[in-house]
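Excluded from the calculations below are hydrogen atoms, water molecules and symmetry mates; all remaining heavy atoms, backbone and side chain alike, are included. Note that this is a predicted model, so its numbers are computed, not measured. All chains are named by letter (A, B, ...) in the order of the sequence lines, taking the proteins before the strands, and each is independently numbered beginning at 1.
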2 protein chains.
Amino acid sequence: MVTIKDVAREAKMSVATVSRVLNGSGPVSEETRRLISEVAGRMRYVPHSGARSLITSKTQTLGVLLPDLYGEFFSEVIRGMDDTAQRNGFHLLISRAYADRHGIETAIRAMRGRADGVVVMSPDLDAESLLNLPSTIPVVLLCSVSRGNEIDSLTIQNCRGAREMVGHLISVGHRRIAIIKGSPRNYDAAERLRGYRMSLREAGIMLDPLLEREGDFTEAAGYSAVLELIALKNRPTAIFAANDSMAIGALSALRESGIAVPEEMAVAGFDDIPLARYMDPPLSSVHVPIWELGARAVELLLHGITHKNDHPRRRERVSTKLVIRRSTGGVPAERPPPQTLKRKLVSV
Amino acid sequence: MVTIKDVAREAKMSVATVSRVLNGSGPVSEETRRLISEVAGRMRYVPHSGARSLITSKTQTLGVLLPDLYGEFFSEVIRGMDDTAQRNGFHLLISRAYADRHGIETAIRAMRGRADGVVVMSPDLDAESLLNLPSTIPVVLLCSVSRGNEIDSLTIQNCRGAREMVGHLISVGHRRIAIIKGSPRNYDAAERLRGYRMSLREAGIMLDPLLEREGDFTEAAGYSAVLELIALKNRPTAIFAANDSMAIGALSALRESGIAVPEEMAVAGFDDIPLARYMDPPLSSVHVPIWELGARAVELLLHGITHKNDHPRRRERVSTKLVIRRSTGGVPAERPPPQTLKRKLVSV
DNA sequence: GCCCTCTATGTAAACGATTACATATTTGGG
DNA sequence: CCCAAATATGTAATCGTTTACATAGAGGGC
């Protein structure tokens with residue numbers, strides 16, 4: 001491997017000068033600049049980032065700790081992070097970690113000397129556990145919050161989004177509205193449940209425990225929850241699933257049970273994954289700007305890094321948007337004319 | 001930050017001994033071992049991986065270069081890679097790169113000193129461009145092959161999978177079978193097209209250029225391709241989409257046009273994404289073991305690394321499997337009894 | 001008691017860059 | 001023509017590890 005010394009020798013210059021040329025730091029004559037650039041290019045010299053980061057104590061790398069995430073969410077959040085990181089000259093070191101405190105600590109520790117900061121996504125961790133992460137480098141919490149105010153955090157406007165969707169169901173006439181919940185330990189799921197209940201209470205509708213079914217964000221969970229719901233003596237007329245995957249499982253179960261959507265049962269989801277509009281009927285959902293979520297998390301992290309982790313902590317939420325399609329009935333279907341269809345779909 | 005020197009001073013030992021204890025190398029007395037472990041633990045010492053990799057010239061990190069990938073594929077391939085990497089004590093440095101030769105070269109170069117090897121996924125790049133990647137570290141090509149035999153590569157059994165699916169459509173009686181293609185520059189897409197044609201030829205069916213429609217792997221492309229196909233004077237009776245996303249777009253278009261699937265039109269996809277079984281009707285597809293794809297790519301890369309890139313190059317393909325559901329008709333629907341449903345769904 | 005072989009530990013040289021400081025050369029003002 | 005300032009380049013310390021080599025003491029065979 002060719003090092004800076006090799007280049008220096010070949011160009012008959014000192015390593016210092018070579019370094020200066022390569023980094024554009026310090027004064028160098030135009031002549032030397034050209035000579036060294038030429039030699040370095042010819043020898044295909046590439047600086048060794050490990051060595052560089054040892055002396056500068058900057059790695060230009062961001063760690064990302066993720067739980068087991070499936071589908072579009074994972075891809076899109078990473079896309080947002082990578083776009084933002086690259087634009088700022090950073091790389092992404094991605095690692096999946098067990099969601100318990102020990103797993104996270106180990107993973108964060110392994111980042112020492114590898115990353116300048118870490119985005120930790122751990123929606124299933126309870127707030128206390130995250131209180132004192134043993135980290136000297138900046139940390140941003142994604143989709144969870146710590147109890148204290150020690151860590152920057154970024155979350156989805158879960159509660160508001162759920163409240164609006166349930167509010168919409170109520171506004172088109174539903175009174176018996178079921179929810180398929182996510183895991184009780186999951187922050188997003190808990191917040192969405194809170195929004196559901198809040199909305200019902202606001203409309204003066206009594207909460208019915210029978211209408212709150214367990215789920216775990218998988219299609220299979222949505223499927224079996226529906227089987228239970230339609231077996232009830234007093235069936236709901238609408239179902240709000242805490243995410244789209246479960247809503248899709250729900251649609252599938254309703255279809256097989258011969259229950260018409262939205263006529264006999266309205267269905268709504270959360271996330272607005274790209275496939276939602278291709279369901280039958282197209283699925284109403286709460287749109288989550290996932291790319292922005294990743295992008296913003298990295299921005300927060302970079303801010304922490306430039307301020308050497310000595311900055312007022314922030315707590316932000318990205319806002320959601322109601323997307324009403326046919327599965328909730330009551331409102332004209334979203335069906336753009338064919339000629340404009342392609343562009344619109346791609347842009348969403 | 002606490003360094004190995006701090007630990008040495010605190011334990012009144014030399015850095016060499018501390019290093020020996022921490023790495024379990026060289027002889028140390030049981031007493032010193034305990035003392036140093038205790039001190040290091042108490043001081044929360046974590047070795048600086050940058051410094052370590054500088055001297056050992058091992059980073060314990062694998063680079064991953066990906067194009068713009070969407071949905072389940074992206075998540076799942078990374079999951080497979082990360083699982084395998086972690087099991088071998090490696091980390092993943094993930095970067096999205098422009099798919100042109102220059103972008104890839106730059107990205108690979110940026111990996112120097114950061115990664116011990118790189119997995120490059122670049123299905124849209126032509127074979128020649130990949131011929132001489134300027135890399136001293138091992139490279140594995142994913143979903144593409146280089147013309148020479150200079151680089152390890154791993155691909156999907158695209159051609160065989162497509163051939164089998166089209167063969168199945170033929171076996172249930174179809175003669176006019178359309179294909180919605182992927183981008184012509186995409187390796188997977190080209191191979192799937194080849195399998196489609198091969199299968200038709202084997203059955204003595206004339207190829208009809210009108211039945212080969214352009215696509216780009218998006219739902220929108222599938223949607224509009226179907227609108228064109230059903231406008232033909234001599235409609236096909238079956239549609240093979242080169243991936244599931246386009247098949248889903250196709251289903252949506254057929255539904256809106258009031259064409260019954262599979263009675264009036266059979267539809268098949270490729271990839272077998274988890275959602276395929278939740279479509280209406282459940283979508284027949286060619287199953288691709290995505291996790292295994294990622295896992296195997298990392299295994300190949302690790303092999304190259306341990307052999308210092310001086311090993312016979314391999315060219316492997318992961319095998320696909322036909323999954324027939326209702327959208328192609330002709331065969332009993334896959335609908336497991338409710339009680340076993342959940343387990344089965346999750347495991348797929 | 002001598003020498004040889006272990007075992008346990010320390011010393012110091014790498015690894016490949018950056019950069020403070022020193023030195024040499026040029027430039028220009030008076 | 002001299003000296004200060006500016007410019008260009010070099011020398012060497014440094015970052016935090018690993019590890020080859022050196023050293024010192026302990027144990028054992030003769």
Side-chain angles (χ1 to χ4, degrees), chain A residues 1-37 39-40 43-61 89 109-116 136-137 308, chain B residues 1-37 39-40 43-61 89 109-116 136-137 308:
Chain A
M1 202 65 251
V2 30
T3 76
I4 198 173
K5 276 187 197 164
D6 302 323
V7 176
R9 191 177 321 119
E10 180 81 8
K12 301 192 202 310
M13 291 273 131
S14 76
V15 290
T17 308
V18 176
S19 175
R20 277 188 279 257
V21 169
L22 265 30
N23 296 299
S25 62
V28 258
S29 74
E30 192 49 40
E31 190 184 8
T32 357
R33 156 162 290 117
R34 262 198 302 271
L35 170 65
I36 291 183
S37 308
V39 172
M43 300 180 75
R44 297 180 155 278
Y45 166 71
V46 185
H48 187 287
S49 16
R52 179 179 281 180
S53 73
L54 180 56
I55 186 80
T56 60
S57 55
K58 293 181 174 159
T59 62
Q60 297 298 106
T61 300
R109 206 162 284 149
M111 294 283 179
R112 146 129 147 113
R114 284 179 202 284
D116 298 333
T136 56
I137 57 176
K308 299 179 196 302
Chain B
M1 203 67 249
V2 31
T3 76
I4 199 175
K5 275 187 197 165
D6 301 323
V7 176
R9 191 176 321 120
E10 181 81 9
K12 298 191 203 313
M13 291 275 130
S14 76
V15 289
T17 308
V18 175
S19 174
R20 277 189 278 259
V21 169
L22 263 30
N23 296 300
S25 63
V28 258
S29 74
E30 192 48 42
E31 191 185 6
T32 346
R33 155 162 291 115
R34 262 200 300 272
L35 169 64
I36 291 183
S37 308
V39 171
M43 299 180 78
R44 295 180 156 280
Y45 167 71
V46 185
H48 186 287
S49 18
R52 178 179 282 180
S53 73
L54 179 57
I55 186 81
T56 60
S57 56
K58 291 179 177 160
T59 62
Q60 298 297 106
T61 300
R109 206 161 284 150
M111 294 283 178
R112 144 129 149 114
R114 285 180 202 283
D116 298 333
T136 55
I137 56 176
K308 299 179 195 300

Distances for protein N or O near nucleotides 6-10 of chain C N or O, under 3.5 Å:
unit_1, atom_1, unit_2, atom_2, d
C:dT9, OP1, B:Thr32, OG1, 3.1
C:dT9, OP2, B:Ser29, N, 3.1
C:dT9, OP2, B:Ser29, OG, 3.4
C:dT9, OP2, B:Thr32, OG1, 2.7
C:dG10, OP2, B:Ser14, N, 2.8
C:dG10, OP2, B:Ser14, OG, 3.0
C:dG10, OP2, B:Thr17, OG1, 2.9
C:dG10, N7, B:Arg20, NH2, 2.8
C:dG10, O6, B:Arg20, NH1, 3.3

Rounding to a whole Å, what distance do you find between [X]:[atom1] and [N]:[atom2]?
{"X": "B:Arg52", "N": "C:dA17", "atom1": "CZ", "atom2": "C1'", "result": "20 Å"}
{"X": "B:Ile55", "N": "C:dC15", "atom1": "CD1", "atom2": "C1'", "result": "4 Å"}
{"X": "A:Gln60", "N": "C:dA17", "atom1": "CD", "atom2": "P", "result": "16 Å"}
{"X": "A:Tyr45", "N": "C:dT18", "atom1": "OH", "atom2": "C1'", "result": "10 Å"}
{"X": "A:His48", "N": "C:dA14", "atom1": "NE2", "atom2": "P", "result": "18 Å"}
{"X": "B:Lys58", "N": "C:dC15", "atom1": "NZ", "atom2": "P", "result": "16 Å"}
{"X": "B:Lys5", "N": "D:dT17", "atom1": "NZ", "atom2": "C1'", "result": "10 Å"}
{"X": "A:Ile4", "N": "D:dT14", "atom1": "CD1", "atom2": "P", "result": "19 Å"}

Is A:Ser19 touching bases, backbone alone, or none of the nucleic acid, heavy atoms closer than 4.0 Å?
base
Is B:Val7 touching bases, backbone alone, or none of the nucleic acid, heavy atoms closer than 4.0 Å?
nothing
A:Glu30, CD: over 12 other non-hydrogen atoms inside 6.0 angstrom
yes
Determine whether a donor-acceptor pair (N or O, by modelled atom type, separation under 3.5 Å) exists between the side chain of [X] and the backbone of [Y].
{"X": "A:Thr59", "Y": "A:Asp116", "value": "yes"}
{"X": "A:Ser25", "Y": "A:Asn23", "value": "no"}
{"X": "B:Arg112", "Y": "A:Val46", "value": "yes"}

OP1 or OP2 of D:dC15 less than 4.0 angstrom from a side-chain nitrogen or oxygen of A:Ser57, does that happen here?
no
Within less than 4.0 Å of OP1 or OP2 of C:dA17, is there a side-chain N or O belonging to B:Arg112?
yes
Grab the two heavy atoms, one from [X] and one from [Y], that are nearest each other, plus how far apart they are.
{"X": "B:Leu22", "Y": "B:Tyr45", "value": "CD2-CE2, 3.2 Å"}
{"X": "B:Arg114", "Y": "B:Ala110", "value": "NE-O, 3.1 Å"}
{"X": "A:Val18", "Y": "A:Ile4", "value": "CG1-CG1, 3.6 Å"}

The single option from B:Val7, B:Thr32, B:Val21 passing side-chain contact (heavy atoms from CB on, under 4.5 Å) against B:Met13
B:Thr32
Given C:dA17, C:dC15, D:dT18, identify the nucleotide with an atom nearest to the side chain of B:Leu54.
C:dC15
Just by protein heavy atoms under 4.0 Å, how would nucleotides 22-29 of chain C read 5' to 3' in B, S and -?
--------
Those residues that, when tested against B:Ser14, pass side chain to side chain donor-acceptor pair (under 3.5 Å) (two or more places apart):
B:Thr17
